[in-house]
Amino acid sequence: MLDINLIREEPDLVREALRKRQLDPEPVDQVLELDDQRRNLIQQVEGLKAERNLVSKEIGKMKDQSERQAKIDQMRGVGERIDALDINLREVEDRLEALMSEMPNIPDPDVPLGIDESQNVIIKAVGKLPEYDFEPQPHWDLGPALGMINFEQGVNIAGSRFYVLSGAGARLQRALIAWMLDLHIRQGYIEKYTPFMVKSEVLYGAGQLPKFADNLYRDHKEDLWMVPTAEVPLTGLHMDEILDEAALPLHYTAYTPCFRREKMSAGRDVRGIKRGHQFDKVEMYKFCKAEDSPAEFEKMVADAEQVCAELGLTYRINQLCTGDLGFGAHITYDIEAWAPGVGEWLEVSSVSNVGDFQARRANIRYRLEEGGRTRFVHTINGSGLGLPRTLIAVMENYQQVDGSVIIPPVLRPWMGGIVQIHPEG
RNA sequence: GGGGAGGUGCCAGAGUGGUUGAUUGGGACCGCCUGCUAAGCGGUUAACGGGGCUAAAUCCUCGUUCGCGGGUUCGAAUCCCGCCCUCCCCGCCA
């Protein structure tokens with residue numbers, strides 16, 4: 001959520017931000033109009049309420065019955081006018097809220113201008129593209145051959161876009177999760193295990209609702225929704241709280257499965273485990289003071305990089321341009337790992353500083369030690385990392401000519417000492 | 001799922017339809033007092049929204065908020081309805 005004061009005072013800045021995102025700036029004018037109406041109605045209705053409060057107190061003290069009755073009759077009329085104006089005000093506020101809640105965050109001035117993902121900017125690359133003296137296989141061949149992935153079973157029990165991990169495949173994913181969580185703990189994050197279903201207000205707070213309702217799974221009887229990312233429940237942890245300045249920053253990490261309905265376009269990413277309706281992810285999340293968020297953001301990017309580096313992956317950092325920036329993001333870096341089998345860079349992490357955008361929605365503030373007004377915290381989220389793609393990168397990078405896969409050294413303690421996975425039979 | 005109790009400020013805990021935004025404790029903070037500490041004395045102690053004064057306000061003023069949402073009333077923490085949550089007992093269960 002943007003600050004209404006910003007729209008009111010610097011509408012051109014907001015219009016420009018929308019244009020940079022390839023969006024129509026017209027809602028700004030509607031917001032200004034509704035904001036004007038809102039304040040106008042507030043002034044009217046609050047004036048009447050002040051009068052009513054005053055006279056009601058007088059009535060309480062009056063002795064003369066006829067005088068008293070006259071005042072009561074007079075106030076009855078005032079009450080009716082207040083009710084009518086309140087209804088009017090509610091309507092205006094609902095419409096304003098609807099518009100505001102669908103307005104995206106302002107891009108950071110440093111975000112490169114661009115119309116779509118083709119204009120994202122590679123800002124760093126680490127490692128060399130590995131060379132093989134054989135044709136590297138994609139994971140959708142390696143996985144089944146090694147007994148690590150079973151696509152048929154997934155489709156049979158849940159439909160297209162689902163798969164089953166088996167044996168060393170399931171264990172390797174679990175090893176990655178456990179190792180990543182432990183790494184993040186060493187990096188200073190506190191591990192959280194959260195509900196995988198949340199109330200709609202939490203999704204609103206994180207910026208998923210109302211705009212992205214179509215991408216979410218929900219219980220058909222209750223107000224419970226499957227989380228599309230751990231970012232959602234983690235944002236909700238401090239909803240409606242006023243934190244002490246001394247408590248910040250808060251660094252959390254959590255493993256959750258993620259559920260996304262997304263209408264997958266036919267013919268794109270249809271093979272393998274790169275994109276599905278359910279996937280696992282280890283997430284990092286920070287609540288911090290406004291002045292600290294740029295540095296905390298950079299640190300989180302470095303924390304995510306460390307995961308790639310310790311796994312021995314070749315990766316690069318891609319800064320999203322204004323046209324590709326997510327709804328709530330102020331600035332975003334994607335980390336992409338090279339997967340030689342599928343021959344593409346896989347987005348294994350996306351780290352965003354959302355500024356106070358989520359904090360405004362979720363009402364998460366902090367109080368300065370010297371007192372004064374409360375302020376909204378800044379929140380930062382990042383994957384550390386997304387599991388299916390990390391699994392792909394590990395399998396495809398560590399494959400051998402005989403179709404086996406070597407386990408990266410850092411994961412071996414979680415693999416029961418297994419060093420290499422060999423084809424079955 | 002069934003039965004019972006309850007949700008008030010940072011915490012505990014009062015509250016009669018009418019100067020109750022809310023008694024009183026505790027904590028915290030600011031003064032005073034004190035050789036130091038303790039004690040004592042006085043004071044302060046919410047959030048959000050609108051308007052005003054301003055360079056800007058932690059300044060003035062109005063409004064809203066006693067779990068949430070409705071209703072009754074000139075006026076609701078207080079009465080009525082619905083919902084949510086917590087605690088205790090019973091049942092069921094990994």
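Everything quoted here is computed from the prediction, not taken from an experiment. In the text below, chain A, chain B and the rest are named by the order of the sequence lines, each starting its count at 1.
At B/G70, one or more side-chain N or O atoms of A/Arg90 fall inside 4.0 Å of OP1 or OP2 (strictly under the cut-off). Between A/Arg39 and B/G51, a side-chain N or O to OP1/OP2 separation shorter than 4.0 Å is present. At B/G63, one or more side-chain N or O atoms of A/Asn53 fall inside 4.0 Å of OP1 or OP2 (strictly under the cut-off). The side chain of A/Thr374 places no N or O atom within less than 4.0 Å of a non-bridging phosphate oxygen (OP1 or OP2) of B/A47. For B/G49, one of the phosphate oxygens OP1 or OP2 lies less than 4.0 angstrom from a side-chain nitrogen or oxygen of A/Arg373.
Counting non-hydrogen atoms of neighbouring residues, nucleotides and ligands closer than 6.0 angstrom, the CZ atom of A/Arg81 reaches no more than 12 such neighbours.
Nucleotide B/A5 forms a pair with B/U86, judged by Watson-Crick or G-U wobble geometry with both contacts under 3.5 Å. For B/C10, the paired nucleotide is B/G26, the pair qualifying as Watson-Crick or G-U wobble because both relevant distances are below 3.5 Å. The nucleotide B/G21 finds no pairing partner, because no Watson-Crick or G-U wobble arrangement with both distances shorter than 3.5 Å includes it. Pairing for B/U65 goes to B/A46, judged as Watson-Crick or G-U wobble with the two contacts each under 3.5 Å. Of all nucleotides present, none satisfies the Watson-Crick or G-U wobble test against B/U72 with each distance under 3.5 Å. Remark: B/A57 base-pairs with no nucleotide in the shown strands. Criterion, Watson-Crick or G-U wobble with two distances under 3.5 Å. Base pairing annotation: B/C92 forms no Watson-Crick or G-U wobble pair, as no partner gives both donor-acceptor distances under 3.5 Å. Judged by Watson-Crick or G-U wobble contacts below 3.5 Å, the nucleotide B/C33 has no partner.
Side chains of A/Glu152 and A/Asn156: no donor on one and acceptor on the other come within 3.5 Å.
Nucleotides B/G67 and B/C62 are separated by 27 Å at their C1' atoms, to the nearest Å. Atom C1' of B/U45 sits at a distance of 14 Å from the matching atom of B/U58, rounded to the whole Å. Comparing the same atom, C1', in B/G26 and in B/A14 gives a spacing of 15 Å after rounding to whole Å.
In this structure, the ring of A/Phe212 has its center less than 6.0 angstrom from the ring center of A/Phe327.
The stretch residues 356-367 of chain A touches RNA chain B through A/Arg365, A/Arg367, each having a heavy atom within less than 4.0 Å of the strand.
The base of B/G51 does not come close enough to the side chain of A/Glu46 for any donor and acceptor atom to sit less than 3.5 Å apart.
Mapping A/Arg68 and A/Asp83 onto RNA chain B by nearest heavy atom places A/Arg68 at the nucleotide closer to the 5' end. Taking the nucleotide of RNA chain B with the nearest heavy atom to each of A/Arg375 and A/Ile72, the more 5' of the two is matched to A/Arg375.
Contact annotation for A/Arg38: backbone-only contact, meaning every heavy-atom pair under 4.0 Å involves sugar-phosphate atoms and none involves a base. Within 4.0 Å (heavy atoms only), A/Lys71 reaches no atom of the nucleic acid at all. As judged by a 4.0 angstrom heavy-atom cut-off over every strand, A/Arg8 is placed among residues touching the sugar-phosphate backbone only. Residue contacts for A/Ile59: at a heavy-atom cut-off of 4.0 Å it reaches a base atom on one of the strands shown.
None of A/Val419, A/Val394, A/Leu172 except one satisfies the side-chain contact (heavy atoms from CB on, under 4.5 Å) rule with A/Ile407; the exception is A/Leu172.
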query: Given A/Asp223 and A/Ser200, is the side-chain hydrogen bond (donor to acceptor under 3.5 Å, both in side chains) satisfied, shown in steps?
result: CA-CA 6 Å; A/Asp223 181 33; A/Ser200 54; 3.0 Å; yes
- prompt: For A/Asn120 and A/Gln319, what are the C-alpha separation, side-chain angles and deciding distance, and is it a side-chain hydrogen bond (donor to acceptor under 3.5 Å, both in side chains)?
  reply: CA-CA 6 Å; A/Asn120 292 344; A/Gln319 177 167 23; over 6 Å; no
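Per the geometry, CG belonging to A/Asp36 stands 14 Å off C1' belonging to B/G51, to the nearest Å. Atom NZ of A/Lys199 and atom P of B/C68 are 13 Å apart (whole Å).
A salt bridge between A/Lys49 and A/Asp86 is present, with a side-chain N of the basic residue lying under 4.0 Å from a carboxylate O of the acidic one. A/Asp29 and A/Arg15 are joined by a salt bridge, as a carboxylate oxygen and a charged side-chain nitrogen come within less than 4.0 angstrom of each other. Between A/Glu16 and A/Arg19, at least one side-chain N (NZ, or NE/NH1/NH2) sits under 4.0 Å from a carboxylate O, which counts as a salt bridge.
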